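Computed from a prediction, not measured in an experiment: that's the story for all the values here.
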There are 2 protein chains.
Amino acid sequence: MNKQSLKLRIISAARELLLSDGYRNLSLRKIARSIGVSATSIYLHFESKDDLVHTLIEEAIERLNRALEISVVNKKSPVKKLEALAQTYVSFALKHPREYQVIYLVSSEEMTRYPKKKFRKARKGYGLVLDVLTEGISCGKIEEENPNIAAYTFWAQLHGVMSVVLSERLDTRIDQNEFIEEAINHIISGYITYDSLKLENIVDN
Amino acid sequence: MNKQSLKLRIISAARELLLSDGYRNLSLRKIARSIGVSATSIYLHFESKDDLVHTLIEEAIERLNRALEISVVNKKSPVKKLEALAQTYVSFALKHPREYQVIYLVSSEEMTRYPKKKFRKARKGYGLVLDVLTEGISCGKIEEENPNIAAYTFWAQLHGVMSVVLSERLDTRIDQNEFIEEAINHIISGYITYDSLKLENIVDN
DNA sequence: GGTAGCAGTTAACACCGTTAAGTCGTAAGT
DNA sequence: ACTTACGACTTAACGGTGTTAACTGCTACC
């Protein structure tokens with residue numbers, strides 16, 4: 001009937017409903033209704049609701065990763081790259097809060113275990129940070145004895161900051177943007193050497 | 001019938017089921033069944049399921065706060081206090097993962113808005129960090145131009161780390177404990193001055 | 001022309017949160 | 001002592017959920 005395959009139509013309907021109504025109000029019946037098929041048709045292409053949501057998560061992760069990759073290409077110094085990654089991460093979370101939050105739905109409590117093979121893609125962002133860190137270490141601008149772990153710490157810290165912001169746990173007297181900016185500075189300065197900390201503001205890119 | 005009031009029996013049954021089966025499988029009917037009353041009885045004491053869960057969250061926050069308060073009393077240096085707070089926070093999350101995760105259920109997507117007045121209690125932990133930071137600043141061991149914001153970034157970073165650990169997003173080749181330890185060091189060193197960073201390992205408490 | 005298989009359907013199951021109406025015992029009022 | 005009122009609790013029901021099994025109709029092939 002429709003040009004797109006049913007599977008694609010399901011995915012985009014699901015994404016649309018997720019973004020408009022939130023994960024909490026996402027139901028298979030609503031998704032099906034919105035594209036004029038029966039709810040059970042979804043099971044022809046996904047083995048469960050969680051399976052469908054997993055692909056939405058995958059999508060979101062890919063979009064975030066793409067944004068991160070792009071943000072880094074025209075930056076020369078590793079420190080600038082690190083800053084770009086952090087800034088892009090934060091912007092993504094602010095611009096697409098529901099999409100961002102769905103990425104972190106992979107918690108063991110809210111969803112059946114995220115399949116291991118899909119984690120590969122999720123780790124691409126981690127790889128980006130790792131590359132920047134090792135590059136920075138080799139040219140002495142970044143100090144880190146175990147970059148494998150540091151790359152994860154970097155993500156974790158950023159996620160923590162955005163999670164506090166998005167769940168509106170912030171004291172109303174604290175300005176959100178100021179908080180984010182200060183947090184990013186804090187996180188980044190934790191990775192770079194004292195020397196480049198002072199130099200960075202002079203040189204571009 | 002029972003000695004305890006029904007409200008208390010509901011709360012403790014709910015907590016028990018939450019810890020054993022997870023938030024995802026928590027239902028009013030199961031809670032009611034487990035204490036031998038009808039599901040609608042819950043509405044005599046709570047105005048909705050979310051309301052009940054909110055009190056569970058409140059409980060969990062209080063337990064975490066209590067642990068944090070205790071951890072800090074016999075420490076003398078602000079830096080040691082900060083370390084104790086971080087360590088206690090992490091231990092709590094590891095020892096009671098479900099209880100910890102329920103605290104962060106207050107996200108706008110999973111739950112109706114957490115009532116503002118209950119946020120007061122939640123901010124007690126924030127107050128603890130703030131005190132330690134201002135104390136450290138006044139004696140020159142901690143460097144921070146805006147402690148109000150810094151107290152939040154401290155929480156946020158810790159939460160990010162534990163959220164990555166608990167959602168099992170960590171690369172299997174990375175040792176969990178090593179990651180946590182390194183992350184804590186990273187976060188803490190972001191707040192203390194270069195001098196005390198070198199001195200801390202010599203003096204106790 | 002029959003038939004196998006695929007894409008989609010309907011019907012049903014067992015659950016869910018929530019509301020309205022009913023029951024039953026106890027305490028107070030007269 | 002009889003009625004009334006009220007509180008604590010239950011039953012019945014509504015509209016929703018994810019998921020399974022059985023059915024329909026169509027298309028392609030032998």
Side-chain angles (χ1 to χ4, degrees), chain A residues 1-57 98 102 105-115, chain B residues 1-57 98 102 105-115:
Chain A
M1 194 194 207
N2 205 301
K3 278 201 168 184
Q4 290 176 93
S5 80
L6 181 53
K7 177 160 189 172
L8 291 183
R9 287 201 294 147
I10 291 170
I11 291 178
S12 75
R15 178 181 42 235
E16 215 160 295
L17 281 174
L18 177 73
L19 297 188
S20 64
D21 299 357
Y23 175 70
R24 213 188 191 221
N25 304 115
L26 186 69
S27 88
L28 295 184
R29 287 174 150 94
K30 280 186 201 160
I31 296 169
R33 207 180 304 137
S34 82
I35 55 174
V37 296
S38 75
T40 53
S41 297
I42 296 177
Y43 286 86
L44 300 172
H45 296 101
F46 302 92
E47 65 180 23
S48 66
K49 183 187 181 184
D50 279 356
D51 186 29
L52 170 55
V53 175
H54 280 154
T55 72
L56 293 182
I57 293 176
R98 288 222 166 93
V102 93
L105 229 47
V106 203
S107 91
S108 30
E109 285 310 310
E110 276 315 304
M111 180 89 50
T112 59
R113 183 83 98 273
Y114 197 60
Chain B
M1 194 193 207
N2 203 304
K3 278 201 167 183
Q4 290 176 91
S5 80
L6 180 54
K7 178 161 189 172
L8 290 183
R9 285 201 295 148
I10 291 170
I11 291 178
S12 75
R15 179 180 42 236
E16 215 160 295
L17 281 175
L18 177 74
L19 297 188
S20 63
D21 299 356
Y23 175 69
R24 215 188 191 221
N25 304 114
L26 186 68
S27 88
L28 295 183
R29 287 174 148 96
K30 278 186 202 160
I31 296 169
R33 206 181 305 137
S34 82
I35 54 174
V37 296
S38 77
T40 53
S41 296
I42 295 176
Y43 286 86
L44 300 172
H45 295 101
F46 302 92
E47 66 180 25
S48 66
K49 183 186 180 183
D50 278 356
D51 186 28
L52 170 54
V53 176
H54 280 153
T55 70
L56 293 183
I57 293 176
R98 289 222 166 92
V102 94
L105 228 48
V106 203
S107 92
S108 29
E109 285 310 309
E110 275 315 303
M111 180 88 52
T112 60
R113 183 82 99 274
Y114 196 62

Smallest separation among heavy atoms of [X] and [Y], with atom names:
X: B/Lys49; Y: B/Leu28; value: CG-CD2, 3.9 Å
X: A/Ala14; Y: A/Leu52; value: CB-CD2, 4.1 Å
X: A/Leu18; Y: A/Arg98; value: O-CD, 3.3 Å
X: B/Ile57; Y: B/Val102; value: CG1-O, 3.4 Å
X: B/Asp51; Y: B/Phe46; value: OD2-CA, 3.5 Å

(message) Regarding A/Lys30, tell me which of base, sugar-phosphate or nothing describes its non-hydrogen contacts under 4.0 Å with the strands shown.
(response)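 The residue A/Lys30 makes sugar-phosphate contact but no base contact.
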Taking [atom1] from [X] and [atom2] from [N], how many angstroms apart are they, rounded to a whole number?
X: B/Arg24; N: C/dC15; atom1: CZ; atom2: P; result: 16 Å
X: B/Asp50; N: C/dC16; atom1: CG; atom2: C1'; result: 14 Å
X: A/Leu26; N: D/dG16; atom1: CG; atom2: P; result: 16 Å
X: B/Tyr23; N: C/dC16; atom1: OH; atom2: C1'; result: 13 Å
X: A/Leu52; N: D/dT19; atom1: CG; atom2: C1'; result: 14 Å
X: B/Asn25; N: C/dA14; atom1: CG; atom2: P; result: 19 Å
X: B/Phe46; N: C/dG17; atom1: CZ; atom2: P; result: 14 Å
X: B/Leu17; N: C/dC15; atom1: CG; atom2: P; result: 15 Å

(message) Quiz question: going by heavy-atom distance under 3.5 Å, is there a donor-acceptor pair between the base of D/dG16 and the side chain of A/Arg29?
(response)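 Checked by distance alone, the answer is no.
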(message) Can you work out whether A/Leu6 or B/Leu28 has the more 5'-proximal nearest nucleotide on DNA chain C?
(response)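 That would be A/Leu6.
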(message) Any heavy-atom pair between the side chains of A/Asn25 and A/Lys30 that's under 4.5 Å?
(response)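 A/Lys30 reaches A/Asn25 side chain to side chain.
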Only distances under 3.5 Å count here; give the side-chain donor-acceptor pairs of residues 33-41 of chain B to other protein atoms, sequence neighbours excluded, each with its distance to 0.1 Å.
unit_1  : atom_1 : unit_2  : atom_2 : d
B/Ser34 : OG     : B/Ile31 : O      : 2.8
B/Ser38 : OG     : B/Thr40 : OG1    : 3.1
B/Ser38 : OG     : B/Ser41 : OG     : 3.3
B/Ser41 : OG     : B/Ser38 : O      : 3.3

(message) I need the B/Leu26 CG to B/Glu16 CD distance, nearest 0.5 Å.
(response)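 Answer rounded to 0.5 Å: 12.0 Å.
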(request) Can you measure from CZ (B/Arg29) to CD1 (B/Ile42) and round to the nearest 0.5 angstrom? (result)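 It is 10.0 Å, given to the nearest 0.5 Å.
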(message) Give the residues of residues 32-45 of chain B touching DNA chain C, defined as any heavy atom closer than 4.0 Å, sorted by residue number.
(response)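 Under 4.0 Å from DNA chain C: B/Arg33, B/Thr40, B/Tyr43.
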(message) Please report the end-to-end axis angle for the helix from C/dG1-D/dC30 to C/dT30-D/dA1, five pairs per end, rounded to 10 degrees.
(response)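 One end's axis against the other's: 30°.
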